[in-house]
Amino acid sequence: MERDQRSPRAKIRAFRLNGRAREILVADSRLLIDTLRETLGLTGTKHGCDGGECGACTVLIDGRPRLACLTRTEECEGHDVETIEGFAEQGRMSRLQRAFHERLGTQCGYCTPGMILAAEGLLRRDPAPDAAAIRAALAGNLCRCTGYVKIIEAVADAARGVP
Amino acid sequence: MEILPRFDVLRPASLAAAIEARRRCAASRFIAGGTDLMVNLRHGLGAPETLIDLRHIAELRLLSKENGGITIGAAVTLAELAANPAIGCDYPAIAAAARAVGAPAHREAATLGGNLCLDTRCLFYNRSAWWREANGFCLKHQGETCHVAPTGKRCHAAYSGDLAPALLVYDATIEIAGRAGTRRIPLADLYAEDGAAHLRLAPDEVLVRIHLPAAPWPAAYAKARARGAIDFPQAGVAVALRAEAGWITGLRVAFTGTNARPFLLAGVAALENTRIDAAWRDRLTKLVQKQVSPMRTTLLAAQYRRRVASALAQRLAAALAGMGAENHGSV
Ligand SMILES: Cc1cc2nc3c(=O)[nH]c(=O)nc-3n(C[C@H](O)[C@H](O)[C@H](O)COP(=O)(O)OP(=O)(O)OC[C@H]3O[C@@H](n4cnc5c(N)ncnc54)[C@H](O)[C@@H]3O)c2cc1C
Ligand code: SF4
Ligand code: FES
Ligand code: FES
């Protein structure tokens, strides 16, 4: 069991993280993004703004996109949390990761984990989205490098099973 | 600068327990999705010792059809509202308004109650603690003067929730529970025209549910925003209009983003029992421009927000009266 913030108020919270059961001792006011990055060392989830504006911290909770910078770790109790670290299996990238790589959907890479998690949330709900649906799903994710076109193409490719 | 305060979270399973918890701890706050309050707490706007999470109260999560109308629990999420077939079919302005809030990750967490009880917004308020300290605090929080209207004595921060106008034109009523019991009021009566105190809600009162009457008039919602992808409304307008062959028999118009409260346009009776023509549009424009009062609380000019509010109202009314099908969704 990890210890997250020594605090008299810390409580033990159990949840699933990338398919594994975890228990951590965590203060109620601790944000999920800080637990992930600082306590668990899962730095794939990025911190890009001071609250809710950029989407870099997007994770999936019960398969749906949520912002780790506005979510308390405490809220995850009993739920299923997925981060980018859960996506490559035995060194093999997921379809979205491969498509972002092939289509140059990633440049500096800072927005990429959030983009991939938001796109994954979309594809689980709608396996064959059109361009408008992809844009709507990624509306909350800022990218300062790619100009978005390559990202949208990458998500469309992943949905079609290319490559 | 990260100054999220240390707090405990309570998860009451009943309304009574939530109200009692709020009464026992003066430094507590209700919270639902947290997409408004958590941002504000991270900005140092308030430092509660306890947050009371309302989402574990089962009755707040119900959405049910009754007597032809619909009742929506305050903790129903905007993602659920946007996807609900009964809402989409009978109350399309609500579905459109829900879809126009933030991005999918916001809507998964955001609740209808949180949207209706949203804090008001201003260029000088929705800022980090260091920004506000460097600039000088303002009337709404920790300071003495308003930077928008320094000679005045009140706050003009704008209520900017998208759902309220859509609910207002469907004639929604709300149920509020507190220590003294339950009261049911028209949604419009929840609000006051004061950016620093826009909710007529006692500290221990919870918004429980929202009732929508049966047989809704055709209605639509549109908002103008600075950034198309996601953004709060610079002006948001809902119109409900009943017409027979172009002859208007009923009209309701409501606004958000322009005033400290969302409100129903007063005096619309003068625009009923007539046809939409150029003169009608002028009268609607005059009425809107007299009642909206945007101030310099966003990056866009107040005059633009005033004009776009009346333009959207006209456009929606014309579309609903069957005079050109422009813009039923968001603008
Ligand atoms: C980047 C970004 C973009 C956004 N864009 C939009 C937008 O376009 N349009 C829009 O309308 N909003 C927008 N929002 C604001 C917010 O996401 C929504 O308004 C949301 O619906 C708020 O609901 P919540 O459940 O998260 O509220 P919370 O943050 O949980 O609560 C908000 C306030 O309401 C009170 N409250 C909550 N529920 C109740 C209840 N049942 N009874 C009494 N008080 C209650 C809380 O105490 C708190 O003061 C945006 C937010 C972000 C971060
Ligand atoms: S309108 Fe004035 S008092 Fe209100 S938040 Fe803005 S600057 Fe502060
Ligand atoms: S860090 Fe920017 S939205 Fe979470
Ligand atoms: S690749 Fe650099 S921010 Fe998107």
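Within every chain, numbering begins at 1; the chains are lettered A, B, ... in the order of the sequence lines, protein sequences first and strands thereafter.
Heavy atoms from other residues, nucleotides or ligands lying under 6.0 Å from CZ of A:Arg135 number 12 at most. Summarising the local packing, NE2 of A:His79 is surrounded by more than 12 heavy atoms from other residues, nucleotides or ligands at distances under 6.0 Å.
Using a 4.5 Å cut-off on side-chain heavy atoms (C-beta onward), B:Arg42 and A:Leu31 make contact.
Among B:Arg55, B:Arg227, B:Arg107, the residue with the largest count of heavy-atom pairs under 4.5 Å with chain A is B:Arg55. Among the candidates A:Ala137, A:Gly121, A:Gly55, A:Ala118, the residue making the largest number of heavy-atom pairs closer than 4.5 Å to chain B is A:Ala137. Between chain A and the options B:Ala79, B:Ala109, B:Gly34, the largest number of non-hydrogen pairs under 4.5 Å is found for B:Ala109.
A:Lys11 and B:Asp8 are joined by a salt bridge, as a carboxylate oxygen and a charged side-chain nitrogen come within less than 4.0 angstrom of each other. Salt-bridge formation is detected for the pair A:Arg72/B:Asp53: a Lys NZ or Arg NE/NH1/NH2 atom is positioned less than 4.0 Å from an Asp or Glu carboxylate oxygen. Salt-bridge annotation for A:Glu77 and B:Arg11: present, with a side-chain N of the basic residue lying under 4.0 Å from a carboxylate O of the acidic one.
Neither the backbone nor the side chain of B:Asn40 comes within contact range of chain A; no heavy atom of the residue lies under 4.5 Å from a heavy atom of that chain. Residue contact with chain B, scored on non-hydrogen atoms closer than 4.5 Å, involves the backbone of A:Ala136 exclusively. Proximity to chain A is limited to the side chain of B:Ile31, based on heavy atoms less than 4.5 angstrom apart.
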List the steps, then state whether side chain to side chain contact (heavy atoms under 4.5 Å, CB included) holds for B:Ile230 with A:Glu53.
CA-CA 9 Å; B:Ile230 63 170; A:Glu53 304 269 348; 5.9 Å; no
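Interatomic distance, CH2 of B:Trp131 versus CG of A:Asp50, reported as 12.5 Å (0.5 Å rounding). Going from atom NE2 of B:His106 over to atom CG of A:Leu70 covers 6.5 Å, rounded to the nearest 0.5 Å.
Smallest separation of non-hydrogen atoms from A:Ser29 and B:Leu4: O-CD2, 3.2 Å. For the residue pair B:Ala103 and A:Ala139, the shortest heavy atom distance occurs at CB-C, 4.2 Å.
Contacts from residues 57-69 of chain A to chain B, taken as heavy-atom pairs separated by less than 4.5 Å, involve A:Arg64, A:Pro65, A:Arg66, A:Leu67, A:Cys69 in sequence order.
Judged purely by atom type and a 3.5 angstrom limit, A:Asp28 has no side-chain atom pairing as donor or acceptor with the backbone of B:Phe7.
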